[in-house]
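Structure first, then comments.
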Amino acid sequence: MLDYIIVGLGLSGIALSRRLEERNKQFIVFEDGSQKSSLVAGGLFNPVILKRFTLAWNANEQMQIAIPFYKKIEAKLQTRIVHSIEIYRKFFSAEEQNNWFEAADKPMLSEFLDTRLVKDINPNIPSDFSFGRVRQTGVIDTDVLIKEYRNHLKTINKIQFERFDYSALQINEDSINYNGISAKHIIFCEGFGLQSNPFFSYLPLQGNKGEYITIYSEELKLKVAVKSSVFIIPLGNNLYKVGATYDNQDRNPQPSKRARIELEEKVKKLLTCSFEVIDQSAGIRPASKDRKPMVGRHPKYKNLYCCNGFGSRGVLISPKVSADLIAYIENKIPLPQEINLNRFSKKHFPS
Ligand SMILES: Cc1cc2nc3c(=O)[nH]c(=O)nc-3n(C[C@H](O)[C@H](O)[C@H](O)COP(=O)(O)OP(=O)(O)OC[C@H]3O[C@@H](n4cnc5c(N)ncnc54)[C@H](O)[C@@H]3O)c2cc1C
C-alpha cells in the first residue's frame, strides 16, 4: 500500500511531493496537463503588494521557508530555478513617492522597501517620477521547475500522465483504492480543476484568468523587473514577459485577443523603443473567496485532502502550506485556522 496519491503537479503538487520525498513516503502523482497556471506564471517572489505598499499575507515567514526550499530542489534536480532579480516600482505621482517612504518606516516593511529612489532606470522607460526598489526579490523559473520535476518523478516511477477519474475512487475506512492502487491518503492539488472534483467542489474557488505576452526587443536592454501598469520581466536573449492580466469572468483557457490588445497598449505606454510580440500564454489562477489558501481534510472522508487556493502568490505560499498539511496528516499538528478549509465546510456539512 502507498502512503499517498497526489492529483495534480503544479506548484502545490510539487511542494507536497517534495515534502513526501523528504519523509521517505511512498506516493504516486496523477497529472493530465489540463491546467496551466503554474506553467505560465511569471514566477516572481516579492513580499510587497505594489499597489498599496503593504506586506503580502504572511510573506515574511513564507520567504524564509520558500527560498531555501527551492534551493534544495535546485540541488536535487541539478538545474537552476532560483534567479535573483531586482524589482522596481515606477511611481506616478509625488504622493506615491511619499507613500513609499511612509510604508518603509513601518517595522515589517522596512527591510523590503529601499528608500534610495532611482531617477533613471533605463533610457527606454522614461518617467516624470522616480522608481523604488523592493529588496529580496527574484523569480522561480516555474517552467523549468515543472518540466524537471516531472522528469525526476518519471525516472523514479512516481507519476502517471493521465486524468484522475473521480468516479473510480473507492473510499474505505482507513484507505482509498484507485484502479488497483491502494493508498492511505489522497491529496487533491488540481488548481482551478478543483471545480470538477465532486468531493471538494463545494469550496468557494474563484478562478482568475491571467495572461502574459512575450516581447522581443534588441534596444531595451533591461536587466531588472519593472512594475508600472504591468510588470515587465527580463527573460534573457532580448526577451521579456509582460503582464499579467486579471479576469474573473473568462473561463476559456486559451489566450485571448482582448488581453493581447490590453497588454500591447500598456507596454507601448511604458516603453519608447520598438518591440515585437512573439508569444502569448494564459492560465487560470485558483483563488479562494477570502484570498487565503484552502487546505486540509474533507469534512466527511478523513483520508481525502485538498491543497488549493493559492491565487496569485503560489510561489511563496506552496512551500509553507505543504509543510503545514503534511505535518497535520503525519504528526497531527493543527493547521493554522486561517488556511484550514473547514472554515467553508459548516454550511455544507453541518456537524
Ligand atoms: C498569468 C499568471 C501569472 C502568475 N504569476 C505569478 C507570479 O509571478 N508569482 C506567483 O507566486 N504566482 C503567480 N501566479 C499564480 C500561480 O501560478 C498560482 O498560484 C499557482 O500556479 C497555483 O498552483 P496549483 O498547483 O494550485 O495549480 P495549477 O498550477 O493549476 O496546477 C494544478 C495541476 O493539476 C492538474 N490537474 C487538474 N485536474 C486534474 C485531474 N483530474 N487529473 C490529473 N491532473 C489534474 C493540472 O493539469 C495542473 O498541472 C500566476 C498565475 C498566472 C495565471
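Residue numbers start at 1 and run along the sequence shown. Order of appearance sets the numbers: ligands from 1, and atoms from 1 within every ligand. Both backbone and side-chain heavy atoms feed into the values below; hydrogens, waters and symmetry mates do not. Treat the numbers as computed from the prediction; the structure is a model and nothing was measured.
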Thinking salt bridges, do [X] and [Y] make one under a 4.0 Å N-O criterion?
X: R18; Y: E21; result: yes
X: K72; Y: E22; result: no
X: R23; Y: E330; result: no
X: R116; Y: D114; result: yes
X: K266; Y: E262; result: yes
X: R258; Y: D247; result: yes

Option whose closest heavy atom lies nearest to [atom], chosen from [options]:
atom: atom 48 (C) of ligand 1; options: E211, E190, E31; result: E31
atom: atom 50 (C) of ligand 1; options: A41, G193, G13; result: A41
atom: atom 15 (C) of ligand 1; options: G311, A282, S34; result: G311
atom: atom 12 (N) of ligand 1; options: S318, S312, A259, G309; result: S312
atom: atom 11 (O) of ligand 1; options: V315, L316, L16, I14; result: V315

Should [X] be listed as contacting ligand 1, given a heavy-atom distance under 4.0 Å as the test?
X: Q62; result: no
X: E162; result: yes
X: G43; result: yes
X: F45; result: no

Could you tell me whether the side chains of [X] and [Y] share a donor-acceptor contact shorter than 3.5 Å?
X: D250; Y: N252; answer: no
X: S345; Y: N342; answer: no
X: Q35; Y: E190; answer: no

Where ligand 1 meets [X] - atom numbers and elements under 4.0 angstrom, heavy-atom basis:
X: S38; value: 17 (O), 20 (C), 21 (O), 22 (C), 23 (O), 24 (P), 25 (O), 28 (P), 29 (O)
X: G283; value: 53 (C)
X: G8; value: 33 (C), 34 (O), 35 (C)
X: F310; value: 19 (O)
X: F30; value: 43 (C), 44 (N)
X: R150; value: 49 (O)

Quiz item: Does NZ or CZ of K241 lie under 6.0 Å from the centre of the six-membered ring of F231, at an angle within 45° of the ring axis?
Solution: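 No, K241 and F231 do not form such a contact.
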Starting from [atom], locate the nearest protein heavy atom and write down its residue, its atom name and how far away it is, to 0.1 Å.
atom: atom 16 (C) of ligand 1; result: S37 OG, 3.7 Å
atom: atom 3 (C) of ligand 1; result: Y212 CE1, 3.4 Å
atom: atom 30 (O) of ligand 1; result: Q35 CB, 3.4 Å
atom: atom 42 (N) of ligand 1; result: F164 N, 2.9 Å
atom: atom 31 (O) of ligand 1; result: G10 CA, 3.5 Å
atom: atom 27 (O) of ligand 1; result: G191 CA, 3.3 Å
atom: atom 39 (C) of ligand 1; result: D32 OD1, 3.6 Å
atom: atom 51 (C) of ligand 1; result: R285 CG, 3.5 Å

Quiz item: With no hydrogens and no angle check, is any side-chain donor or acceptor of K209 less than 3.5 Å from a backbone partner on Q254?
Solution: yes
Do any nitrogen or oxygen atoms of [X] lie less than 3.5 angstrom from nitrogen or oxygen atoms of ligand 1?
X: V40; answer: no
X: N308; answer: no
X: L44; answer: yes
X: I284; answer: no
X: G33; answer: yes
X: G42; answer: yes
X: R163; answer: yes

Quiz item: CE of M1: more than 12 outside heavy atoms within 6.0 angstrom?
Solution: yes
Practice problem: Determine, using the 4.5 Å side-chain heavy-atom cutoff (strictly less than), whether L203 and I284 are members of one ILVMFWY cluster. | Solution: yes
Quiz item: Should the pair F188 and Y166 be assigned to parallel (<30°), tilted (30 to 60°) or perpendicular (>60°) ring geometry?
Solution: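 Tilted, since the angle between the ring planes falls between 30° and 60°.
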Quiz item: What is the ring orientation for F349 with H298, classed by angle as parallel under 30°, tilted 30 to 60°, or perpendicular over 60°?
Solution: perpendicular
Self-check item: Option from F91, F112, F92, F129 for which ring pair (Phe, Tyr, Trp, His ring centres under 6.0 Å) with W100 holds
Solution: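 Among F91, F112, F92, F129, the one meeting ring pair (Phe, Tyr, Trp, His ring centres under 6.0 Å) with W100 is F91.
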Quiz item: How long is the span from the OH atom in Y4 to the CD1 atom in I326, to the nearest 0.5 Å?
Solution: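 Here the interatomic distance stands at 4.5 Å.
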Exercise. Mind checking whether C189 contacts ligand 1 via backbone (N, CA, C, O), side chain (CB onward), both or neither, at a 4.0 Å heavy-atom cut-off?
Key: backbone
Exercise. Give a yes or no on whether the ring-centroid distance for F30 and Y178 is below 6.0 angstrom.
Key: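 Judged by ring-centre distance (under 6.0 Å), F30 and Y178 do meet the cut-off.
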